[in-house]
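Following: one structure in structure tokens, then a few remarks.
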Amino acid sequence: MTDQLVDLSDVERDTKELPAERLENTGRKRQWGSERRSEPLAIVHPTPSSRKIVLGRLAMLVTVGAWLYYVVSTIIRQLVDNPNSGFRFGFESISYLIVVTFLTFSALMYLMARQGALYRFREHRRVPRGELDNHFANYKEAVTVLVPSYAEEPQVVRGTLWSAALQEFPDLRVVLLLDDPPHPTEPEKIHRLEQTRALAGQIADALSAPAERANKALATFRERHTSPLAAETPATVEADELQLLIAEYEAAVEWLEAMAEAETVEDHVDEFFVDLVIMGLARELRLVLLALNAAEAQNTAPNPERMEQLYLRLTWIFNVQTETFERKRYASLSHEANKAMNLNAYISLMGKRWRREETAGGVVLRPSLVPRDDDLLVPDSTYLLTLDADSLLLRDYCLRLVYFLESAGNERVAVTQTPYSSFRGAPTRIERIAGATTDIQHILHQGMTYYGATFWVGANAIIRKRALEDIVEVETVGGFEIRTYIQDRTVIEDTESSIDLGTHGWTLVNYPERLSYSATPPDFGSLVVQRRRWANGGLLILPKLWNQLSQRRNQRQRILIREVLLRVNYMASITWASFGLLFLLAYPYDSRLLSPAVFIAALPYFLCMGSDLRDCGHRFSDIFRIYGFNLILLPVNLAGVLKSLQQGLTGDKIPFVRTPKVKDRTAAPAIYVLIPYAIVAFSVLTGWRDAQQGNWGNVAFASLNAVLAMMCIQSYIGLWNSAVDVVLGAVNWLYVTPKTKAKPESLIVPKTAEEVDWESILYHGDRRLNRDLRCGTDRRRRISLR
């Protein structure tokens, strides 16, 4: 397993998802303690009981009450009873109170967001299918699905594109925004790029036959119902029409089932794709067949209007436009190496015709004043759906979320989404526990919407394009206009854009269903990349939040304190939680500051999280695994926070590093492997030292940290893998890539007139001209001296 490792510093490498069902073929077995269950949770959250809601309120009261009791009974009492205790004890008291307060605040925000989610789940009622069909029967607006992809395995991108293409929507375009270098030289990358480029055409070809049949069936139905014969014999026509409609649905179901049968299932993600994306849609259509067959048995039939809607549904499923767009083919578009600018480049072209012009600097796009056949025409659309290339959507994601945006009262909703859930059946322990944290985050994001504190989570979202036009920033770079809709200043571009939209009077809403799923890192190395990115940027966005609140206050808008607290906690909690935990681990606080009240204040948080984990199909005992999981991720979170501080001081952009999806294992940087061992060692030392002094509260805390951190190191990193990563890190640190010396200017051979690139000179001007002219002049001078 160690002879194919990936170093995180090599962000340009190929990526591939880890197979789960064929682990034995890859030399990697399904781990003990991984997830056997592969069926996902229900789309609609179960209605919480009154008991659960009451207990949630009680949990918040206990948390606040225990904290107040601790402040009065311990901190204030100790300061009053020990007026001459000295500076050190005073410093410890204040710092310990600050740490406990911030950690208690984060726990309270968890309970508050969770409570809001319970309220939403209790109130949510799913829109009936008939209402959706009726709303979209004569629909004219379009949705453009944008799938940004960089160095992804074709099989991963294929599943995402298919899940988007099979969305039931009247006018749907799926665009793969391929961001790989367009002209690679390595054979493996060339092969992968060719496969990825071919995906859009393959999907279009596969859907052409069922689309043609569905379109023809709808057209002939409409012709029959405009003929005089249909009005003369209505009973006969109804019976015949019902048979024809049943035949069309049977054909559609058979096509989907044949596709599912032909799919290769290699891992739990493939299993989800087949069972929930393809077969989920097939089961929906079989449900319609059940109703139609029942109507036939009862000698009745839907009315012609409803029949037409059922025919339309088949056209919505199979009619889709697919294409691939590569911004790096065009010199006039931004080539910034991040997902945000990949999306911005395409959005800036929408709704216009563009003329391709060959220049010495590459192909540039200019507005087409006189339409030509070879113009690049980028259609506009009312809505955008952004979808990460490792995510999957369920069948009616577009239909239900667009219906929500067009419902009364939602005119100023800019973004709606279903925060993604994790794929079940994870083959590794770390993927299972990371997936558990993902499912918990889904609940919290739903609750934040209840208090008006929604944040855009970038894996998937339906966006009102008009809202993006409100927040666009335009600048000129190298003579070309660059339009930035989604900010790329930080690596959490969705969070910053949420603040921008709020500043312009738009709101965001999480749709209270599970309709989207996204991949979870399968090993510690790839998890390091993801969590380091998540921890970076929140602090930089806080000033924007203050500006937004000031602007809303000046406009006399009502601002709820709960919204402000939840937003601040979302953006900054990683910072204070990381530093707070570091203080608790490293500093030997006086045992007089310990109190059972601190434990009681934290207890509701852990009990409610355990209940939420169990509701999501995980184990109650995962609360301990998640605590240990956060312990070993402490250096990763601190690194992300420090990167934010560095960016704040320097103003430089932090490079966007995509989460690797590899077949074998991603090697983690040695520092992130060694620090968890240091945490264990220091906790053991702290426990031994406090035991000598009789500080049994500190002994219990240090022992818990040591045991849980060591268990998580063994389970999530691996002892052998740790050794390999440390050795690999040492080798990479010692190895220095030899630098090639540049030729001195006097040795540069000037070009003859026949060799001069005259087009580059005319296009770029003196950017490349000075050296050639200088060298040529010096050569002529030397010749004349001779």
Side-chain angles (χ1 to χ4, degrees), residues 132 135-149 160-161 163-178 200 203-204 207 211 312 315-327 333 339-354 365 367-368 371 375-389 391 393 395-407 410-417 456 458 460-472 483-486 494 497 501 506 508-509 511 515-516:
L132 297 176
H135 179 81
F136 290 99
N138 299 302
Y139 197 72
K140 303 300 182 185
E141 307 299 333
V143 169
T144 300
V145 184
L146 302 179
V147 183
S149 169
T160 301
L161 293 178
S163 76
L166 290 176
Q167 289 293 305
E168 304 180 43
F169 202 80
D171 189 353
L172 188 72
R173 291 178 61 247
V174 179
V175 184
L176 173 62
L177 303 181
L178 192 54
I203 293 174
L207 288 172
L312 278 169
T315 64
W316 297 347
I317 294 172
F318 297 116
N319 281 326
V320 62
Q321 303 174 53
T322 59
E323 63 180 83
T324 300
F325 180 81
E326 301 179 55
R327 61 165 174 153
L333 300 179
K339 180 178 73 174
M341 292 310 297
N342 190 12
L343 292 167
N344 290 330
Y346 187 83
I347 297 172
S348 66
L349 302 178
M350 295 182 69
K352 300 176 183 177
R353 302 181 70 101
W354 300 89
L365 294 174
S368 180
D375 284 344
L376 173 65
L377 176 61
V378 184
D380 206 356
S381 64
T382 306
Y383 302 103
L384 302 174
L385 194 168
T386 58
L387 180 64
D388 281 1
S391 300
L393 303 178
R395 49 202 168 271
D396 48 0
Y397 180 97
C398 281
L399 214 59
R400 292 189 178 278
L401 269 62
V402 171
Y403 180 86
F404 171 80
L405 288 175
E406 299 190 345
S407 299
N410 297 330
E411 294 81 5
R412 294 298 296 176
V413 176
V415 178
T416 184
Q417 61 191 350
W456 176 7
N460 67 89
I462 293 280
I463 308 166
R464 204 185 297 267
K465 187 170 179 289
R466 183 162 56 92
L468 292 182
E469 297 290 350
D470 280 355
I471 65 172
V472 65
R483 303 176 71 85
T484 301
Y485 302 89
I486 304 168
D494 42 12
S497 297
L501 289 167
W506 293 96
L508 301 90
V509 174
Y511 195 74
L515 296 173
S516 63

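Counting all heavy atoms, side chain and backbone alike, Leu312 lies closest to Ala137 at CD1-O, 3.5 Å. The minimum heavy-atom distance between Thr322 and Ala200, with the atom names listed, is OG1-O, 2.8 Å. Here the closest non-hydrogen pair linking Pro148 and Ala389 is O-CB, 3.6 Å. Scanning both residues, Glu411 and Trp506, for their nearest heavy atoms gives O-CZ3, 3.6 Å. In plain terms, the two heavy atoms of Phe169 and Glu141 that are nearest each other are CE2-O, 4.0 Å. Summarising the geometry of Glu469 relative to Val472, their closest heavy-atom pair is O-CG1, 3.2 Å, with the distance given to 0.1 Å.
Annotation: side chain of Ile462 is in contact with side chain of Cys398 (closest heavy-atom distance under 4.5 Å). In this structure the side chain of Gln321 reaches within 4.5 angstrom of the side chain of Asp171, judged on heavy atoms. Within the 4.5 Å cutoff, the side chain of Val320 has no heavy atoms near those of the Val145 side chain. Using a 4.5 Å cut-off on side-chain heavy atoms (C-beta onward), Leu166 and Leu207 make contact. Looking only at side-chain heavy atoms (C-beta outward), Asp388 and Thr160 stay at 4.5 Å or farther from each other. Between Leu385 and Tyr397 there is a side-chain heavy-atom pair separated by less than 4.5 Å.
Under a 3.5 Å cut-off, the side chain of Thr144 and the backbone N or O of Leu384 do not form any donor-acceptor pair. A distance-only check finds no donor-acceptor pair linking the side chain of Asp380 to the backbone of Gly351 [under 3.5 Å].
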Go through Gln167 and Trp316 one step at a time and tell me if the side-chain contact (heavy atoms from CB on, under 4.5 Å) criterion holds.
CA-CA 8 Å; Gln167 289 293 305; Trp316 297 347; over 6 Å; no
Kindly determine whether Asn410 and Val509 satisfy side-chain contact (heavy atoms from CB on, under 4.5 Å), including the steps that lead there.
CA-CA 9 Å; Asn410 297 330; Val509 174; 5.7 Å; no
Worked check of side-chain contact (heavy atoms from CB on, under 4.5 Å) between Tyr485 and Ser497
CA-CA 8 Å; Tyr485 302 89; Ser497 297; over 6 Å; no
Evaluate side-chain contact (heavy atoms from CB on, under 4.5 Å) for Ser381 paired with Val143, printing each intermediate quantity in order.
CA-CA 6 Å; Ser381 64; Val143 169; 6.0 Å; no
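By the 30° and 60° cut-offs, the orientation of the rings of Tyr139 relative to Phe136 is perpendicular.
For the atom pair Leu365 CG and Arg353 CZ, the distance stands at 13.0 Å (nearest 0.5 Å). In this structure, CZ in Arg464 is found 10.0 Å from OG1 in Thr416, a value given to the nearest 0.5 Å. Residue Ser516 holds its OG atom at 8.5 Å from CG of Leu387, rounded to the nearest 0.5 Å. Atoms NE2 and OG, from His135 and Ser407 in turn, are 7.0 Å apart once rounded to the nearest 0.5 Å. Distance CZ/Arg400 to CG/Leu132: 5.0 Å, rounded to 0.5 Å. Taken from NZ in Lys339 to CG in Asn344, the straight-line distance is 11.5 Å, to the nearest 0.5 Å.
Judged as a side chain to side chain contact (heavy atoms under 4.5 Å, CB included), and not counting sequence neighbours, the contacts of Ala461 are Thr386, Val415, Gln417, Trp456, Ile463.
Using modelled atom types and a 3.5 Å distance limit, the side chains of Ser368 and Asp375 yield a donor-acceptor pair.
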